[in-house]
Structures are given as structure tokens and as C-alpha cells.
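Letters go in sequence order (proteins before strands), and every chain restarts at 1.
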Number of protein chains: 2
Amino acid sequence: MTRPSVTTPDALAQRLAHSGLRSTPQREVIYDVLLKKRDHPTADEVYARVRSDMPSISLATVYNCLETLVQCDLVRAVNFERGPTRYCPNLRPHAHFHDEQSGSTHDIDLPPDLLEKVSAVLPPGYDAKSVEITFRGKALPSTEPKAAANK
Amino acid sequence: MTRPSVTTPDALAQRLAHSGLRSTPQREVIYDVLLKKRDHPTADEVYARVRSDMPSISLATVYNCLETLVQCDLVRAVNFERGPTRYCPNLRPHAHFHDEQSGSTHDIDLPPDLLEKVSAVLPPGYDAKSVEITFRGKALPSTEPKAAANK
DNA sequence: AGTGATAATTAGAATTATTCTAAATGATGA
DNA sequence: TCATCATTTAGAATAATTCTAATTATCACT
């Protein structure tokens, strides 16, 4: 046979290729883990989850792959104070709400014009490439993330 | 004598007392350092500056005092990604602009209603105690902080 | 002024998250 | 198949911060 029916490159493979990078089993399983449970896991948490699928993966690879996904704009790295970096596959414009009681992080979708409106406070001479909005406080249990939608 | 003319407690001493804490030479000199050069120094930088006044101070004390000042709401701790925590004595509502070239941090004063407007995007069930807005990008040299006003 | 209780400071060890290094493995294309 | 380059890996190294336990300073009372 000349070519065994080419699998259509998925979004991940395409994005990676666009940056001259390869799709690898490690990158795929890590990205899947992030999509499956969108609770802003740390690298350690991702490591733990990935290991059930791929017990031989190393923590260094988890760090490497997460960094790669961030570079490709498939994932956002999120920080609260000096806590460990958390990873978020939600690409829509959104803010983060950090619940101080539970430690959980909630995505807050933003109306389309808000980031522009906020950026408008910058005096001349400032050119912002990104804006981050972070809330800290108390969230009612009813707000606990259920089935996050993306896409 | 019954009482040697009491020195009027300054803002620092009052704030500390309000939290049941004492004013100490270390706390004073650290707060002064922050007020004198408002370039969002790290704990290490504060340590270096304070040592010219008080060569015997320890780094642990610098961390302790900075934390104390933050607890008393005299100073804000500011973080960018996972970089070292920076300290800012500007108590007005403001955002931070992080210049990627120079690594410098600029305070961006916010119009009085902006934080409320931003908080208005929170769905019911979310009660935010604080809102943080951070810009990242390029700032023209003309925007380099000169003499920051506070008060 | 002396004394006990509490607060603050200190040096150095410990911790935590992350990055680095150098070697091994894997994929790609001539 | 071979050479090349990308990727993964284990473990060492790093950086910022926190912790620990001991010392020093201050306060409230007498």
C-alpha cells in the first residue's frame, strides 16, 4: 500500500506543527488530561494523573510538555501569589477567581469588550500584550465548577 | 520626670499598634526603604538597601518585616508569574504594568469606579475580597517611573 | 531598677517548585 | 541504513522562601 489512510491531524498536532514541533504521546496525554478535568492542576497534579495512563513518564517531561503547550497557545499558565503554576486549557478571554477557603480556581468568562475597556486606563506609552484579572475571595459551593465547556 | 515628651507615633507605628504589633528599628528602616525608592524591589533588593543603614539585619528579618507590613496593609505584595515577590507601598487602587524588556514594574492608577465595574462581571455566588489587574507588554522609556507620589 | 512574660530578631537548615545537564531514546528524511 | 535533530529522562542544581530553635529586646509591674 502506498499510504495507510492518514489520520487527520487534530488541533494539538496542528498547533504543534505550526511551531515546528512534533506531536508526541507525552504531549497528547498531557493535553488530554488538561481537557478532561479543568480544575487548574499543578504540574505535580498533572504528573499524577498522567501516570495512570503512562506510568513511565517523568516529571521533567511533564514540565517540558506543559511549557510547550503554553508556548503554542493551547494552554494558559496561571499563578496565584507564589503558589505552584497551574494550567488551564480555556482559551476564551477569562479572569480567574481564587476561592480562599477551598483553594479552588474558577474561570470567569469576560464580556467581549471588557479587556479593551480595562486596557483603556493605560496612559500613552504603554503597549500591553496581555491583561490578567484575578479575583480573590469567597465563592459559594454552588459555584463549584461542574462540566466546563470550551471550544 | 513622669513622661519624657512622647514622640508622636507615625503612621507606621499606629498601623502596627492597631494590629497589636510593635514598631521596631528594623520595621521602620524597611518601610522607609520601600517609601524612598518605589521600584517594586524584591526581598533581596530590600535587604541590600537596608544593609547600608543597618548592616547587622538578617534576611529572615527582612522577610518577616515585609510580611508584617503586608499584614498591616501598609504594603502590597506583587507577583509576576513565579518571579520573586515584589513590594509596593502604594496604597491607592492601582494596577501593575510589567515591562518585559526592562523587567521594571509601573503602577497604573485606576479610576475610582473601575474595580467595581470589573467586579460586576462576577456571577452571583462570588464574593471578591480583592481584584488584581496586571498588564504585560512594552512601555516606552518616557514612562519610566520618576518621582512616584503617594499619600 | 529588677523581673518575668511576651515579642522580635537571628543564623542556618529545610522546603518547594522549577530548571538545568548530560545521556539515552525516538523519529525523519536523504 | 545512516546521520541528524527533537524529545524524553533521571537526577543534580537552583532560587526564593519558610521553618526552627536560640538569643535578644521590650513591656508591664512592682
Side-chain angles (χ1 to χ4, degrees), chain A residues 3-4 6-7 9 12-13 15-31 33 40-48 50-51 53-72 75 77-87 103, chain B residues 1-4 6-7 9 12-13 15-31 33 40-48 50-51 53-72 75 77-87 103:
Chain A
R3 270 288 205 119
V6 175
T7 57
L12 170 61
R15 283 287 191 119
L16 287 166
H18 183 267
S19 304
L21 301 168
R22 296 175 188 160
S23 184
T24 67
Q26 289 87 346
R27 287 171 182 168
E28 281 166 19
V29 68
I30 286 172
Y31 187 50
V33 154
H40 304 82
T42 63
D44 262 340
E45 288 164 350
V46 171
Y47 182 47
V50 162
R51 285 226 276 187
D53 278 11
M54 189 184 272
S56 65
I57 198 170
S58 79
L59 179 57
T61 298
V62 172
Y63 274 103
N64 290 342
C65 292
L66 287 170
E67 174 62 15
T68 299
L69 295 175
V70 169
Q71 290 312 315
C72 295
V75 168
V78 181
N79 292 95
F80 299 107
E81 266 106 58
R82 291 251 330 152
T85 300
R86 295 172 171 281
Y87 297 88
Chain B
M1 59 183 94
T2 51
R3 272 293 204 113
V6 175
T7 56
L12 171 61
R15 284 287 191 119
L16 287 166
H18 183 265
S19 304
L21 301 169
R22 297 174 186 160
S23 184
T24 68
Q26 289 88 342
R27 288 171 180 170
E28 282 164 18
V29 67
I30 285 172
Y31 188 51
V33 154
H40 304 81
T42 63
D44 262 339
E45 287 164 349
V46 171
Y47 181 46
V50 163
R51 284 225 277 185
D53 278 10
M54 189 183 272
S56 65
I57 199 172
S58 79
L59 180 56
T61 299
V62 172
Y63 274 103
N64 291 342
C65 292
L66 287 170
E67 175 61 17
T68 299
L69 296 175
V70 169
Q71 291 310 315
C72 295
V75 168
V78 181
N79 291 96
F80 300 108
E81 264 107 60
R82 293 249 332 151
T85 299
R86 297 172 170 281
Y87 297 88

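Partners of B:Y47 by side-chain hydrogen bond (donor to acceptor under 3.5 Å, both in side chains), not counting sequence neighbours, listed by chain and number: B:R51.
The side chain of A:Q26 lies closest to D:dT8, out of D:dT8, C:dA8, D:dG11. Picking from D:dT17, D:dA10, C:dT19 the nucleotide with the shortest atom distance to the side chain of A:A60 gives D:dA10. Which of C:dT18, C:dT28, C:dA8 sits closest to the side chain of A:R22 comes down to C:dT28. Taking every side-chain heavy atom of B:D44 into account, D:dA16 is the closest of D:dT8, D:dA16, C:dA27. Taking the side chain of B:S58 as heavy atoms from C-beta on, and the options C:dT10, D:dT26, D:dA16, the nearest nucleotide is C:dT10.
C:dA17 atom C1' lies 12 Å from atom CZ of A:R86, rounded to whole Å. We find that CG of B:L16 is positioned 16 Å from C1' of D:dC27, with the value rounded to whole Å.
Using a 4.5 Å heavy-atom cutoff, the side chains of B:L59 and B:D44 are in contact.
At the phosphate of D:dT17, OP1 or OP2 sits under 4.0 Å from a side-chain N or O atom of B:Y63. Listed pair A:T85 / C:dA17 fails the phosphate criterion, with no side-chain N or O lying under 4.0 Å from OP1 or OP2. Residue B:R27 places at least one side-chain N or O closer than 4.0 Å to OP1 or OP2 of C:dA8. Residue A:T24 places no side-chain N or O under 4.0 Å from the OP1 or OP2 atom of D:dA6.
The two atoms that bring A:C65 and A:I30 nearest to each other are CB-CD1, 3.4 Å, heavy atoms only.
Place B:T42 and B:P25 on DNA chain D by their nearest nucleotides, and B:T42 ends up nearer the 5' end.
For B:S23 and B:E28, the side-chain atoms include at least one donor-acceptor pair closer than 3.5 Å.
Nucleic acid contact class of B:S56 (heavy atoms, under 4.0 Å, all strands): sugar-phosphate only.
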